Novice: 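The structure under discussion is supplied below as structure tokens; questions concerning it will follow.
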Amino acid sequence: MTTRCAESPELVALLAGRRIAVLTGAGMSTDSGIPDYRGPDSPPSNPMTIRQFTSDPVFRQRYWARNHVGWRHMDDTLPNAGHRALAALEDAGVVTGLITQNVDLLHTKAGSRNVINLHGTYAQVVCLNCGHTMSRTALAERLEELNPGFLERAQAIGGLAVAPDADAVVADTASFRYLDCPRCTGMLKPDIVYFGENVPKETVAQAYSLIDHAGALLVAGSSLTVFSGYRFVRHAAAAGIPVAIVNRGRTRGDDLATVKVDGGCSELLVLLANELARTTTSLH
């Protein structure tokens with residue numbers, strides 16, 4: 001059942017009185033100023049693959065130069081009304097936890113506590129050789145020392161476009177100097193699951209467990225094009241757990257959904273939170 005209205009009584013009816021696990025994607029963060037990869041109005045985008053990153057030093061240089069600018073934009077980005085609505089539903093005991101495909105940490109910033117960051121986060125860097133981790137802030141300080149004035153020159157151009165993986169469009173990257181691991185000189189990489197890379201098994205197991213202990217799965221802002229998110233909809237449907245989807249445009253999971261609402265996340269999740277908050281007394 002697909003509806004296209006600002007309010008969906010079918011959505012409320014399905015979720016009322018149930019403990020809800022939530023799966024979110026890039027469409028969740030568009031109202032915070034982070035563009036979607038695949039939304040109806042998204043610009044063409046070619047996200048980086050793990051093979052590109054590991055095999056080509058020039059590509060790594062280009063990536064780190066762009067990320068040096070882009071991660072700051074993501075770090076400064078604030079959660080929107082949809083993020084806050086889901087955090088409020090967790091506080092009310094309705095939402096049991098969140099699985100997010102986003103790396104922007106906006107759910108955590110909004111106050112959600114039980115968050116599974118399926119694809120990692122922009123705020124940490126990991127060595128592919130020894131596993132050493134460091135904060136993106138600490139790395140930024142080192143990169144600033146190696147590239148004085150680079151950030152100011154890039155920002156002076158203005159109109160920076162930043163992708164959901166914190167990649168920013170920066171024209172001149174050929175002079176940028178990046179770092180290897182300070183512990184073993186191995187290759188440093190943002191602690192983000194790139195295209196062509198597998199989500200850690202323990203993270204997937206955590207997500208399945210969250211769904212198995214819920215009474216419904218709510219998908220918000222994901223086209224479910226990538227299997228790493230779609231598998232959870234398949235898992236819920238196979239287990240007889242009802243699935244509700246809120247997204248602009250079609251998704252890969254529409255045929256498995258009990259209810260599908262075609263629309264933006266922020267407005268619909270605020271309306272949903274207001275309605276479901278009234279049912280919380282029956283859940284305790």
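Remember, it's a predicted structure, so these values are computed and weren't measured experimentally.
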Novice: Taking all heavy atoms of Ile211 and all of Ala236, pick out the closest pair and write down the distance.
Specialist: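 Nearest heavy atoms, Ile211 then Ala236: CG2-CB, 4.0 Å.
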Novice: Drop me the distance from Leu272's CG to Leu11's CG, to the nearest 0.5 angstrom.
Specialist: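 Here the rounded value is 5.0 Å.
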Novice: For Leu86 and His107, which heavy atoms make the closest approach, and how far apart are they?
Specialist: CD1-CE1, 3.8 Å
Novice: Is it true that Arg183 and Asn129 share a donor-acceptor pair across their side chains at a distance under 3.5 Å?
Specialist: no
Novice: Should Arg72 and Leu151 count as side-chain neighbours, where that means a heavy-atom distance under 4.5 Å?
Specialist: yes
Novice: Taking Arg136 for the side chain and Gln124 for the main chain, is one N or O donor matched with an acceptor at less than 3.5 Å?
Specialist: no
Novice: Are the side chains of Leu89 and Ile20 in touch, meaning some heavy atoms are under 4.5 Å apart?
Specialist: no
Novice: To the nearest 0.5 Å, tell me how far Leu106 CG sits from Asp31 CG.
Specialist: 11.0 Å
Novice: What is the ring orientation for His68 with Phe176, classed by angle as parallel under 30°, tilted 30 to 60°, or perpendicular over 60°?
Specialist: tilted
Novice: Calculate, to the nearest 0.5 Å, the distance between atoms CG and OG belonging to Leu105 and Ser29 respectively.
Specialist: 10.0 Å
Novice: Donor-acceptor check, side chain of Asn247 to backbone of Ser222, threshold 3.5 angstrom: yes or no?
Specialist: yes
Novice: Using side-chain heavy atoms (C-beta onward) and a distance below 4.5 Å, is Phe53 in contact with Phe195?
Specialist: no
Novice: Could you tell me whether the side chain of Thr203 reaches within less than 4.5 Å of the side chain of Leu118, counting heavy atoms only?
Specialist: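 Yes, their side chains come closer than 4.5 Å.
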Novice: Counting only N and O atoms by type, is there a donor-acceptor contact under 3.5 Å from the side chain of Asn67 to the main-chain atoms of Tyr63?
Specialist: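 No; judged by distance alone, with no hydrogens or angles, the pair does not exist.
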Novice: Between Ser55 and Arg51, which heavy-atom pair has the shortest distance, and what is it?
Specialist: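 Closest approach of Ser55 to Arg51: OG-O, 2.6 Å.
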Novice: Quick one: do Met74 and Tyr194 end up in the same hydrophobic cluster if we chain Ile, Leu, Val, Met, Phe, Trp and Tyr together by side-chain heavy atoms under 4.5 Å apart?
Specialist: yes
Novice: Is it the case that the side chain of Arg248 and the backbone of Gly221 share a donor-acceptor pair, with hydrogens and angles ignored and the cut-off at 3.5 Å?
Specialist: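 Such a contact is absent between Arg248 side chain and Gly221 backbone.
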Novice: Has Arg18 got a side-chain atom pairing as donor or acceptor with Ala214's backbone, closer than 3.5 angstrom?
Specialist: no
Novice: Give the ring-plane orientation class for His235 versus Tyr208, where under 30° counts as parallel, over 60° as perpendicular and anything between as tilted.
Specialist: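 The rings of His235 and Tyr208 sit tilted, inter-plane angle from 30° to 60°.
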Novice: Can you tell me how far CG of Asp191 sits from OG of Ser135, rounded to the nearest 0.5 angstrom?
Specialist: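 One finds 12.0 Å between OG of Ser135 and CG of Asp191.
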Novice: Can you hop from Phe59 to Phe150 via hydrophobic side chains spaced under 4.5 Å?
Specialist: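 They do share one cluster, since a chain of ILVMFWY contacts under 4.5 Å joins Phe59 to Phe150.
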Novice: Is any side-chain heavy atom of Tyr230 closer than 4.5 Å to a side-chain heavy atom of Leu256?
Specialist: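 In contact.
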Novice: Between Ala140 and Trp71, which heavy-atom pair has the shortest distance, and what is it?
Specialist: CB-CZ2, 3.5 Å
Novice: Hey, does the side chain of Asn102 reach the backbone of Asp104 with a donor-acceptor pair shorter than 3.5 angstrom?
Specialist: no
Novice: Distance-only, no hydrogens or angles: does the Asp254 side chain make a donor-acceptor pair with backbone N or O of Thr251 under 3.5 Å?
Specialist: yes
Novice: What I want to find out is whether Arg113 reaches Asp91 closely enough, with some N-O distance under 4.0 Å, to be called a salt bridge.
Specialist: yes
Novice: Decide whether Val115 and Val193 are clustered together by the hydrophobic rule: side chain heavy atoms of Ile, Leu, Val, Met, Phe, Trp, Tyr closer than 4.5 Å, transitively.
Specialist: no
Novice: Side chain of His83, backbone of Asn80: donor and acceptor closer than 3.5 Å?
Specialist: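 Yes, the answer is positive, given that a donor and an acceptor are paired below the 3.5 Å cut-off.
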Novice: Taking the side chain as C-beta and beyond, is there a heavy-atom pair between Lys189 and Ile50 under 4.5 Å?
Specialist: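 Yes. Closest side-chain heavy atoms under 4.5 Å.
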Novice: For a quick test of reading the model, state the closest non-hydrogen atom pair linking Val12 to Leu276 and the distance between them.
Specialist: O-CD2, 4.2 Å
Novice: What's the spacing between Phe232 CZ and Ile99 CD1 if we round to 0.5 Å?
Specialist: 5.5 Å
Novice: Under a single-linkage definition using a 4.5 Å side-chain heavy-atom cutoff for Ile, Leu, Val, Met, Phe, Trp and Tyr, are Leu128 and Leu143 assigned to the same hydrophobic cluster?
Specialist: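 Linked within one cluster.
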Novice: Ignoring hydrogens and angles, tell me if any N or O in the side chain of Ser32 forms a donor-acceptor pair with the backbone of Ile34 under 3.5 Å.
Specialist: no
Novice: For a quick check under 3.5 Å, do His119 and Ser228 share a side-chain donor-acceptor pair by atom type?
Specialist: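 Note: His119 and Ser228 side chains meet the donor-acceptor criterion.
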Novice: Please check if Val270 and Val261 belong to a single hydrophobic cluster, counting links between Ile, Leu, Val, Met, Phe, Trp and Tyr side chain heavy atoms closer than 4.5 Å.
Specialist: no
Novice: Measure the spacing between CD of Glu152 and CD of Glu144 and express it to the nearest 0.5 Å.
Specialist: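 The distance works out to 6.0 Å.
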Novice: Considering only heavy atoms from C-beta outward, does the side chain of Val199 approach that of Arg231 to under 4.5 Å?
Specialist: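 Yes. Closest side-chain heavy atoms under 4.5 Å.
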Novice: Does Glu141 reach the side chain of Thr137, with side-chain heavy atoms less than 4.5 Å apart?
Specialist: yes
Novice: Evaluate the criterion side chain to side chain contact (heavy atoms under 4.5 Å, CB included) for residue pair Asn114 and Thr96; output intermediate values, then yes/no.
Specialist: CA-CA 7 Å; Asn114 188 18; Thr96 58; 5.5 Å; no
Novice: Decide yes or no on side chain to side chain contact (heavy atoms under 4.5 Å, CB included) for Thr100 and Asn117, but give the supporting numbers first.
Specialist: CA-CA 5 Å; Thr100 184; Asn117 292 299; 3.5 Å; yes
Novice: Would you confirm whether Lys109, through its side chain, and Thr77, through its main-chain N or O, come within 3.5 Å as a donor-acceptor pair?
Specialist: yes
Novice: At their closest point, which heavy atom of Leu14 faces which heavy atom of Pro242, and how far apart are they?
Specialist: CD1-CB, 3.6 Å
Novice: A quick test of your reading: do over 12 heavy atoms of other residues, nucleotides or ligands sit less than 6.0 Å from CZ of Arg234?
Specialist: no
